[in-house]
Structures are given as C-alpha cells and as structure tokens.
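Computed from a predicted model, the values in this text were never measured in an experiment.
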Amino acid sequence: MDERYDSYCAADRLFYDSLGSAVAQPTFPAAERPIPTGWRREPLDDWLIYAPDGGSLPQQGWKIHVSAGLANAERVLDAVWAYCVPRGLSFKFLRGPRTLLLRNSKYAARAASGKFITVYPRDDAELELACKELDELLAGESGPYILSDLRYGAGPVYVRYGGFAARYCHSPDGQVVPAIEDDAGALVPDRRDPVFHVPSWVTLPDFLGAHLAARSANSTDEVPYRIDRVIHFSNGGGLYVGRDLRTDTEVVLKEARPHAGLDADGTDAVARLAREAAALRQLADLPQVPGVHDEFTLGEHRFLALEFIEGRPLNKVLVDRYPLIDADATDDDRATYARWARHIHEQVEALVAEIHARGLVYGDLHLFNIMVRPDDTVALVDFEVAAPIAGHRRPGLRNQGFAAPRDRTGPAVDRYALACLRLALFLPLTQLVRLAPREGGAPCRHHRRQLPRATVLPRSGRRGDHRLPPETAPTPHGRTSAPATGRHCGTGCARRSWPAPRPSGTTGSSPATSSSSAAAASTSPTGPPESCTRSPRAAPDAGPNTRTGWCGGRPPPRRAPAAASTTGCTASRTPSNTWAADRTRWTCSTSACGNPGTGWTTAWRAGCPGSPSTWPSWPGAPGTRRCATPRGGPPSGSSTSSRTTRAPTSAADGTRTPGCCAAGPGRR
C-alpha cells in the first residue's frame with residue numbers, strides 16, 4: 001500500500017484526491033502574488049513550482065529543503081522568495097497552510113514531513129553558497145526535522161541528493177517510484193527513506209562533512225536505556241520496548257518530535273507528550289493505567305518512559321476470538337464470546353468512570369488503545385489527548401470510527417466512544433456506520449441472527465449518532481426507564497418484549513373500554529420477539545409519525561377490523577406496526593397522530609370518535625414519538641396542524657422510555 005494515501009483522505013469524505021486539485025483551500029499570500037517578470041509558474045499536486053524562463057537544471061543533484069511550522073510559514077516563505085527570485089534559483093513550495101498541516105500531521109509520511117520549500121541549485125558551488133546564505137537569513141526559525149535529509153547548521157535548512165526531473169522506475173517490489181540515474185546510466189529508485197542516505201556513486205560535498213559528523217553525534221549511549229524492539233512509528237515519533245539499565249526494568253519508551261506529529265489543532269507531539277505525562281500522574285492510583293517511570297531528552301526529541309503492560313491490543317484479541325469469521329463456530333462458541341465481550345466492555349466502562357471521577361476526559365477510546373492482559377483484565381494506554389473536564393474541547397486527534405459528533409465535549413466524548421466500543425465488539429464496522437449511520441440496520445439484523453440474544457447492539461441515529469443507552473437509561477426528565485430486555489436494531493428502536501395482546505373488538509371509543517383492555521393486557525403472556533424487521537412503506541394517510549419498521553421482532557397478531565363508530569372514519573388492518581389500541585388503525589382524511597400519553601397510533605378528523613382523554617393507551621408501549629399536532633394536542637373534532645412535537649411515551653409502571661417510536665423507529 002502507498003503510505004502517502006493519508007494526504008489524499010482530506011479532500012472528501014468518500015473519495016481520494018489531491019487537495020491541490022480537488023478542493024478550494026486557503027493559500028499563502030505568496031501564492032497569490034503576480035508571477036515575476038521572466039518567470040513561469042506550474043502547479044503540481046500540492047506544490048507551486050517557480051522557475052525562470054529559459055533556465056535549465058540537471059536531471060538530478062543536491063537539493064535544498066526548508067522547513068517551517070504553521071506559525072512561521074508565511075515569514076519563511078517570504079524570505080526564501082526574496083532570496084531566490086533575484087538570483088534566478090528555481091524553487092517550489094506547498095501552496096497553503098492546510099497542506100502544510102497535513103504534511104506534518106501525526107500519521108503523515110515520515111520521509112516527506114517538514115519539506116515546505118525546495119530550492120534547486122544548478123551545481124555544487126551554488127549549493128554551498130545558498131546553504132550558507134539561507135542558514136543566515138533564516139536563523140532562529142523553527143520547523144520539523146526532515147528525517148530524509150542532512151541538516152545544515154541548527155536552523156531549518158536541509159540538503160539531500162535526489163531527482164530534479166520527474167522520472168520513474170519499478171522498485172524491487174514492483175511499485176512505480178521516482179527514479180534517479182546511477183553511474184552506469186540505469187534508472188534506480190530515488191530512495192526517500194526517513195533516514196539520510198547518499199547513493200553509493202555520489203560523493204558528499206566537503207562543506208557538508210562537519211554537518212554529517214554533528215548529525216552522528218547524538219547516540220542512545222547518552223541515556224541509561226536500551227531499546228529492544230520497535231512497537232510503532234508515526235510522524236510524531238517512535239514507540240519502543242526497552243529496558244532501564246539501572247534497574248533492569250522493562251519499560252515502554254515514547255518519543256516525541258518537536259514541530260511534528262501535528263493534530264487538527266496544530267499541537268505537536270512534544271506538547272501532547274507533556275499532557276500525557278501530567279494526566280498519567282493524576283491517575284497514578286489506577287492499576288489499569290501505566291505509571292510514569294521517567295522523562296528525558298535526547299537531542300531535540302522528548303522521551304517518556306512508561307510502565308510496561310503485559311498484554312495485547314484489543315483489536316488483535318478481537319480478531320483471534322471473533323466467532324463470526326470462524327465457519328466451525330458453534331452456538332456455545334458464540335455465547336462464550338458474547339460473555340467475554342460484555343466483560344471487556346464492563347471493565348472499560350468502569351475504568352472510564354474512574355477517570356471522569358478524577359476530573360479528566362480520556363478522549364481517545366478505541367480498540368487499539370485498550371490492552372487486554374493474559375487474565376482478560378484491561379488497561380488503557382495513550383493518554384496524549386486526555387484533558388481536564390473543566391473547559392474541555394473536542395480532541396484534535398481521534399479515531400474516526402469512535403469520534404463523537406461535533407456537539408459533544410467533556411465526558412460525553414467518552415460515553416459516545418463507549419457506545420461505539422459496544423458496537424465494535426459485536427459488529428466491528430464503526431467506520432462504515434459513521435459514513436452512513438442510517439444504513440446500520442441490515443448488518444445489525446444479520447448479527448442478531450448469529451449472536452446470542454443477550455447481545456446488545458447500538459442503534460444508529462441522526463448525524464452519525466449511534467448512541468446506545470445503558471441498561472437503565474436516563475430520560476430528559478431525570479427519570480429512568482425500565483431496563484432493556486433485548487437488542488437494538490439499526491433503524492432506531494430498542495428491542496423489548498412485545499406488549500401483551502389486547503382483547504379483540506375494542507375501539508377505544510370510551511375510557512371504560514380502554515381501562516378494561518389495559519387490565520386484560522396486564523394478565524396476558526408476553527411473547528418473545530424473534531427478529532428486527534422493516535415493514536412495507538406506511539400508507540399515505542398514516543401521517544408523519546408512522547415511519548415504517550417495527551422493533552422487537554414480529555408484530556402482534558393481526559385482528560379483524562373493528563367497526564367505526566362515526567361516519568367518515570374507518571378502522572382497518574394495516575401491514576405495518578401502526579396499530580391502534582385494538583391493533584387497527586383509524587383512517588381519516590387528514591394526517592394521523594397518537595395520544596401524547598401513549599405510543600399508539602390513532603387518526604382523527606372533524607367528527608372522528610373520542611377526544612384526547614378517551615384515546616386508547618397501551619401498557620408498556622416504549623418510545624418517544626414524533627408526530628404533527630396542534631399546540632396542546634388535537635382537541636376533539638379538530639384537524640391536525642403542521643407543528644412537530646415530541647412526546648415521551650408512558651409505560652404501564654409510570655416510567656418513561658426514550659428512544660423508540662411505537663409506530664415505527666423515530667429520529668432524535
């Protein structure tokens with residue numbers, strides 16, 4: 001895979017493209033300047049190339065790179081422009097601050113990070129002079145260290161031997177890569193590794209010898225640690241397993257590069273490492289959080305030595321244990337996995353609550369940051385975006401499959417990620433659900449057929465919000481709902497036991513009929529739901545509150561139509577879950593709406609039977625409905641208005657249950 005793909009992800013949510021060609025973006029003021037007289041300009045992807053007319057360059061040679069950060073980029077660019085144009089030196093630069101941010105972001109290509117401006121000297125003499133004068137001109141300016149280059153002095157000037165012209169060849173593994181010509185005239189890969197490299201047939205200019213010696217002076221021998229293996233590299237630094245030579249203690253060494261590894265807020269890896277150290281010290285009493293062993297600096301890089309946690313990341317454990325990718329898995333295997341997954345989630349949920357109790361938001365909960373020890377206990381790692389609850393802002397670095405919507409801050413960020421974790425443990429497609437939150441029903445239904453009934457899957461909702469209420473969910477009124485007894489389906493409703501059947505023949509035309517039906521229902525058995533099914537589209541007269549689909553499996557048995565008690569209104573069977581108290585639906589000439597105190601559908605118009613006080617109720621009907629009613633509910637004998645209201649549904653025990661529309665899944 002081409003690791004440069006990350007720079008093409010920001011152009012669009014669904015498609016890869018270059019920022020330079022795909023979307024309008026802010027540019028540096030220099031990019032809007034008139035082209036100097038006698039010069040030409042050529043855009044190339046994210047770059048703008050400037051060269052004098054009639055000038056010529058060699059096919060390859062030593063080139064100069066100038067580094068800069070977001071804060072000083074315009075100043076550095078103005079200085080290099082003013083230097084190169086009078087001297088006829090060809091150069092190019094990244095056209096805008098967004099591109100510069102992405103090139104220096106945490107997961108950008110390490111070899112390309114820091115390269116803001118490229119200057120093309122015509123020969124070694126011009127190379128030496130330009131390095132010297134640019135180093136003096138840019139003294140005191142900072143920028144990310146360019147790993148593929150040799151640094152000139154202590155400033156933002158770097159050099160590397162490579163191609164000037166766009167030539168390509170095949171690498172040993174068959175990829176098409178930039179090329180340079182070797183001493184035999186054959187094209188070979190132009191190596192752009194995150195380490196300085198001089199081709200074997202090229203001689204390092206003498207004036208660069210001292211700078212190469214200075215680069216080699218930094219050594220891990222200066223610190224009392226030995227690095228045994230690499231866990232991970234990013235543009236922000238490395239993560240290593242090492243050993244403290246003083247105490248023979250195994251540790252994890254976390255490296256941070258200054259001005260590199262930027263997050264969406266422009267914060268660099270060094271600032272995040274300091275934030276992580278402070279957070280870990282605040283949580284030092286929690287055994288599920290790694291302890292801080294040491295902090296030190298090597299060269300300009302900052303290091304944090306952490307307690308080594310024996311275990312594996314949850315994403316790897318999940319792959320090994322997930323039963324739905326095993327063709328030989330049995331019902332017992334699936335049940336065992338479901339118990340294990342719930343146990344893992346309960347531990348993480350409790351740990352996050354402890355973090356909140358200590359005044360912090362974790363902010364980066366996802367499968368990669370949860371360590372599972374050999375005894376199946378968990379620990380959390382990577383606290384670099386942890387922040388105090390007071391004044392909390394959205395993290396600038398996050399896993400998109402677990403990232404909360406933009407309106408969430410504080411502990412709500414972690415609670416959203418916990419819901420995503422519950423989904424990921426049973427249906428590891430959180431990235432896809434985020435792209436199309438309303439399309440989660442189909443895979444959810446498939447997994448409900450495969451996994452035990454005790455599995456709880458989050459519902460998908462508006463704006464990518466697939467929140468999963470806890471077993472006892474708080475309501476907007478501060479009351480709690482009855483515990484859920486089943487799963488959630490992808491269309492938005494809790495899977496609960498279906499209400500007890502009501503006696504046939506009731507029309508809900510009088511309070512006495514309604515109450516007697518309720519009494520009968522309370523003694524009737526409740527049948528377990530078996531599936532989560534979308535029903536046919538509701539009839540046009542069903543109104544805005546009768547969205548299709550029922551939650552909780554099969555609908556109640558259909559009854560014969562009850563007789564209408566008023567001319568102009570009829571009661572009829574319906575193919576979907578839009579049942580009245582007697583499992584019929586009143587069909588009238590205006591839109592349908594239910595009693596604000598219940599979750600069941602009744603329609604009316606002028607002359608329809610009953611009034612709000614006599615509309616039938618249904619014990620235990622869960623949900624929050626969305627329907628069109630006048631203010632205060634429709635009076636008897638009136639038509640509906642277009643005002644949209646939401647009313648919580650009362651259950652038989654007087655509690656209120658959010659999140660379900662009894663006439664079909666609702667939106668919140």
Residue pair Ser90, Ile49: steps toward the side-chain contact (heavy atoms from CB on, under 4.5 Å) verdict: CA-CA 8 Å; Ser90 299; Ile49 304 172; over 6 Å; no
Carboxylate-amine/guanidinium proximity below 4.0 Å for [X] and [Y]:
X	Y	result
Asp46	Arg95	no
Asp190	Arg192	yes
Asp45	Lys92	no
Glu136	Lys132	yes

Aromatic ring proximity, centroids under 6.0 angstrom, His65 and Tyr158: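 Not close enough - the centres of the two rings lie 6.0 Å or further apart.
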Test of ring centre spacing under 6.0 Å for Phe91 and Tyr83: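 So the answer is no for these two rings.
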Using atom types as modelled and distance alone, determine if a side-chain donor or acceptor of [X] lies under 3.5 Å from a backbone N or O of [Y].
X	Y	result
Arg40	Pro52	yes
Arg272	Thr267	yes
Glu276	Phe383	yes
Arg408	Val413	no
Gln60	Glu181	yes
Asp375	Thr377	yes
Asn104	His259	no
Arg167	Ile180	no
Gln282	Arg358	yes
Ser67	Pro144	yes

In the structure I gave you, are the side-chain heavy atoms of [X] and [Y] within less than 4.5 Å of one another anywhere?
X	Y	answer
Trp62	Val202	yes
Lys254	Glu384	yes
Val76	Pro156	no
Leu365	Phe402	no
Arg122	Leu57	yes
Leu208	Arg215	no
Ser142	Asn72	yes
Phe196	Ser216	no

Arg393 atom CZ: more than 12 heavy-atom contacts under 6.0 Å: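 No.
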Neighbour count above 12 (heavy atom, 6.0 Å) for Arg246 CZ: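 Enclosed: over 12 neighbouring heavy atoms sit under 6.0 Å from CZ of Arg246.
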Drop me the distance from [X]'s [atom1] to [Y]'s [atom2], to the nearest 0.5 angstrom.
X	Y	atom1	atom2	answer
Arg321	Asp376	CZ	CG	5.0 Å
Leu89	Ile64	CG	CD1	7.5 Å
Ile370	Asp382	CD1	CG	12.0 Å
Asp53	Ile35	CG	CD1	9.5 Å
Glu255	Arg257	CD	CZ	8.0 Å

Stepwise side-chain contact (heavy atoms from CB on, under 4.5 Å) test for Leu314 and Leu421: CA-CA 10 Å; Leu314 178 56; Leu421 175 62; 3.9 Å; yes
For residues 303-313, dump all side-chain donor-acceptor pairs below 3.5 Å to protein atoms at least two apart in sequence or in another chain.
from: Glu307; atom 1: OE1; to: Gly291; atom 2: N; distance (Å): 2.9
from: Arg312; atom 1: NH1; to: Asp320; atom 2: OD2; distance (Å): 2.9
from: Arg312; atom 1: NH2; to: Asp320; atom 2: OD2; distance (Å): 2.8

Quiz item: cation-pi between Arg110 and Phe233, 6.0 Å / 45°: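 Yes, a cation-pi geometry holds between Arg110 and Phe233.
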From CA spacing to verdict: side-chain contact (heavy atoms from CB on, under 4.5 Å), Leu127, Phe207: CA-CA 10 Å; Leu127 168 72; Phe207 77 95; 3.8 Å; yes
Any residue meeting ring pair (Phe, Tyr, Trp, His ring centres under 6.0 Å) with His392, in chain and number order, not counting sequence neighbours: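 Once residues adjacent in sequence are excluded, His392 has no partner under the ring pair (Phe, Tyr, Trp, His ring centres under 6.0 Å) criterion.
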Closest contact, heavy atoms only, [X] versus [Y]:
X	Y	answer
Leu70	Pro97	CD2-O, 3.7 Å
Trp81	Pro34	CZ2-O, 4.4 Å
Ala264	Leu101	O-CD2, 4.2 Å
Leu380	Pro290	O-CD, 3.1 Å

Residue among Thr99, Asp78, Leu77 satisfying side-chain contact (heavy atoms from CB on, under 4.5 Å) with Phe28: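 Checked Thr99, Asp78, Leu77 against Phe28; only one passes side-chain contact (heavy atoms from CB on, under 4.5 Å): Leu77.
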Flag for Ser113-Asn235: side-chain donor and acceptor within less than 3.5 Å: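 Yes, because at least one side-chain N or O of Asn235 sits under 3.5 Å from a partner of the opposite role on Ser113.
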side-chain contact (heavy atoms from CB on, under 4.5 Å) between Asp364 and Leu397, worked out: CA-CA 8 Å; Asp364 198 19; Leu397 192 67; 5.6 Å; no
